[in-house]
Amino acid sequence: GEKIISNPDVSQLYNATKITGRTKKGTGLGIFNAIVGETNAVLENESGLRREVQTNPLTNYNAVVIDQNLKNNSFISFMNTNVLRSGKDYDANASGLYFELKDKKQMYSVAGDVNVTQKISADKNDAGFAYNLSGGKISGKWLYEAGTGTESVYYDPNDMGFLFNANEQYYFTTLEYQEFAPKNDKMQRWNYTFWSSYNTLYQPKHFTSLSFGFENFYLWKSRNAVGGNIYVTPVASR
């Protein structure tokens, strides 16, 4: 029986600070902090009585990234995001380790990441994890890659990140042929890519889909371009 009289869609920003840099040894550091003020909606009932309802508490957002350059254009990085809310609202924390290792000729690479998240309040502590690992050939006319990844049921980085959905496990492969010196003088480059994907739920273990796809792209020296893609899912969960 209540109606909304007012509800701010913009929060007061008290602070936004960012510090970034990289040392001579290739270590990068990034720090971001922001504090957002409390907001309250005003509701009115049928008798004309009004009350305030908190729609966003006083909140502190913090992000830290440490990145290290390695040989052969390789790297390893650590990132942490943290959201602290005043009052009884839950706090959130997410940490991740990311890496890519390449050989001396920049021909092959192995890449991956491991992430953990927590949502903490007085009555719950939901923890989740995710990982991804892939490897393949990254230069030349023929490229290929294979990998796998998992996101657990309670993995949720969305307080300072973005994820469509969790609770999934996947396996994928790609095969690509690219040409940067075509015999046709008017053409600059073209490529064909084939991929496959096998997906299941993480818990309970349950098959969800098997997909195949094809993509192509053509670029002329005139800067005109055309491309397309198609994919099929011949087997899917019901």
Side-chain angles (χ1 to χ4, degrees), residues 10-39 56-87 89-121 124-139 143 145-166 168-170 172 174 202:
V10 177
S11 300
Q12 176 66 48
L13 182 63
Y14 294 139
N15 164 67
T17 303
K18 180 177 73 172
I19 301 173
T20 62
R22 188 174 294 275
T23 68
K24 293 181 180 180
K25 293 184 178 181
T27 302
L29 176 65
I31 300 174
F32 172 78
N33 178 265
I35 300 175
V36 175
E38 174 184 339
T39 59
N56 188 67
L58 177 69
T59 307
N60 180 85
Y61 296 92
N62 196 68
V64 177
V65 179
I66 302 173
D67 173 79
Q68 179 62 54
N69 290 338
L70 303 175
K71 290 182 179 180
N72 308 323
N73 287 325
S74 302
F75 73 89
I76 184 169
S77 300
F78 171 80
M79 181 170 66
N80 174 266
T81 62
N82 183 269
V83 180
L84 297 175
R85 299 177 172 93
S86 65
D89 292 271
Y90 74 90
D91 300 325
N93 189 78
S95 297
L97 185 68
Y98 311 86
F99 70 92
E100 183 176 14
L101 305 176
K102 301 178 183 179
D103 70 329
K104 185 179 295 186
K105 295 182 178 180
Q106 307 287 295
M107 187 70 69
Y108 300 95
S109 78
V110 175
D113 57 77
V114 179
N115 303 272
V116 293
T117 63
Q118 277 185 297
K119 287 192 171 185
I120 306 166
S121 65
K124 70 175 182 178
N125 186 344
D126 292 337
F129 70 90
Y131 68 83
N132 179 74
L133 181 64
S134 63
K137 186 171 179 286
I138 59 174
S139 65
L143 312 177
E145 182 184 22
T148 181
T150 295
E151 295 158 359
S152 70
V153 177
Y154 293 110
Y155 177 68
D156 186 357
N158 287 331
D159 290 273
M160 278 191 73
F162 182 78
L163 178 71
F164 276 114
N165 56 274
E168 63 179 3
Q169 195 164 27
Y170 53 87
F172 67 90
T174 63
Y202 173 71

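- Note on ring orientation: taking the six-membered ring where Trp is involved, the planes of Tyr131 and Phe129 are parallel (angle under 30°, cut-offs 30° and 60°).
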(request) Please assess Phe78 against Val64 for the test side chain to side chain contact (heavy atoms under 4.5 Å, CB included), listing each intermediate value before the final yes or no. (result) CA-CA 8 Å; Phe78 171 80; Val64 177; 5.8 Å; no
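- Between Leu58 and Gly37, the shortest heavy-atom contact is CD1-CA, 4.0 Å.
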(request) Test side chain to side chain contact (heavy atoms under 4.5 Å, CB included) on Leu70 and Phe99 and set out the steps. (result) CA-CA 10 Å; Leu70 303 175; Phe99 70 92; over 6 Å; no
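- Only one option out of Asn33, Thr81, Asn93, Asn82 pairs with Asn62 in a side chain to side chain donor-acceptor pair (under 3.5 Å); it is Asn33.
- When all heavy atoms of Ser86 and Pro57 are compared, the pair lying nearest together is O-CB, 3.7 Å.
- Applying the salt bridge (Lys or Arg N to Asp or Glu O under 4.0 Å) test to pairs two or more places apart or on separate chains, those with a residue in residues 65-86 are Arg22-Asp67, Arg85-Asp159.
- Inspection of the Ser134 and Glu145 side chains reveals an N or O donor paired with an N or O acceptor under 3.5 Å.
- Summarising the geometry of Ser121 relative to Tyr90, their closest heavy-atom pair is CB-CB, 3.8 Å, with the distance given to 0.1 Å.
- Within the model, atoms CG of Asn132 and OG1 of Thr148 stand 7.5 Å from one another, a figure rounded to the nearest 0.5 Å.
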Check residues 111-120 and write down every donor-acceptor pair under 3.5 Å in which the side-chain atom is one partner and the other belongs to a residue at least two apart or another chain.
{"residue": "Asp113", "atom": "OD1", "partner": "Asn115", "partner atom": "ND2", "Å": "2.8"}
{"residue": "Asn115", "atom": "OD1", "partner": "Tyr98", "partner atom": "OH", "Å": "2.7"}
{"residue": "Thr117", "atom": "OG1", "partner": "Asp156", "partner atom": "N", "Å": "3.1"}
{"residue": "Gln118", "atom": "NE2", "partner": "Asn125", "partner atom": "OD1", "Å": "3.4"}
{"residue": "Lys119", "atom": "NZ", "partner": "Asp156", "partner atom": "OD2", "Å": "2.7"}

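- More than 12 heavy atoms of other residues, nucleotides or ligands sit less than 6.0 Å from atom CE of Met160.
- Put simply, CG on Asn158 and CZ on Phe164 are 10.0 Å apart, with the number rounded to the nearest 0.5 Å.
- In plain terms, the two heavy atoms of Ala166 and Ser152 that are nearest each other are CB-O, 3.3 Å.
- Around the CZ atom of Phe75, the shell of radius 6.0 Å holds more than 12 heavy atoms that belong to other residues, nucleotides or ligands.
- For Tyr202, the side-chain hydrogen bond (donor to acceptor under 3.5 Å, both in side chains) test picks out no residue, with sequence neighbours left out.
- Atom OG of Ser74 sits about 7.0 Å away from atom CD of Gln106, to the nearest 0.5 Å.
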(message) Between Asp103 and Asn72, is the side chain to side chain contact (heavy atoms under 4.5 Å, CB included) condition met? List the steps.
(response) CA-CA 6 Å; Asp103 70 329; Asn72 308 323; 5.7 Å; no
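- In this structure the side chain of Thr150 never reaches within 4.5 angstrom of the side chain of Tyr155, judged on heavy atoms.
- To the nearest 0.5 Å, atom CG of residue Asp89 and atom CG of residue Asn56 are 8.0 Å apart.
- Of the possible polar contacts, none joining the Ser109 side chain to the Leu101 backbone as a donor-acceptor pair under 3.5 Å is found.
- Rounding to the nearest 0.5 Å places NZ of Lys102 at 12.5 Å from CE of Met107.
- Scanning for side-chain hydrogen bond (donor to acceptor under 3.5 Å, both in side chains) contacts around Ser11 gives an empty result, with sequence neighbours left out.
- Formation of a donor-acceptor pair under 3.5 Å by the Gln68 side chain with backbone atoms of Lys25 is found in this model.
- Sorted by first then second residue, the salt bridge (Lys or Arg N to Asp or Glu O under 4.0 Å) pairs that include residues 124-136, not counting sequence neighbours, are Lys124-Asp126.
- Sorted by first and then second residue, the salt bridge (Lys or Arg N to Asp or Glu O under 4.0 Å) pairs involving residues 129-138 (not counting sequence neighbours) form an empty list.
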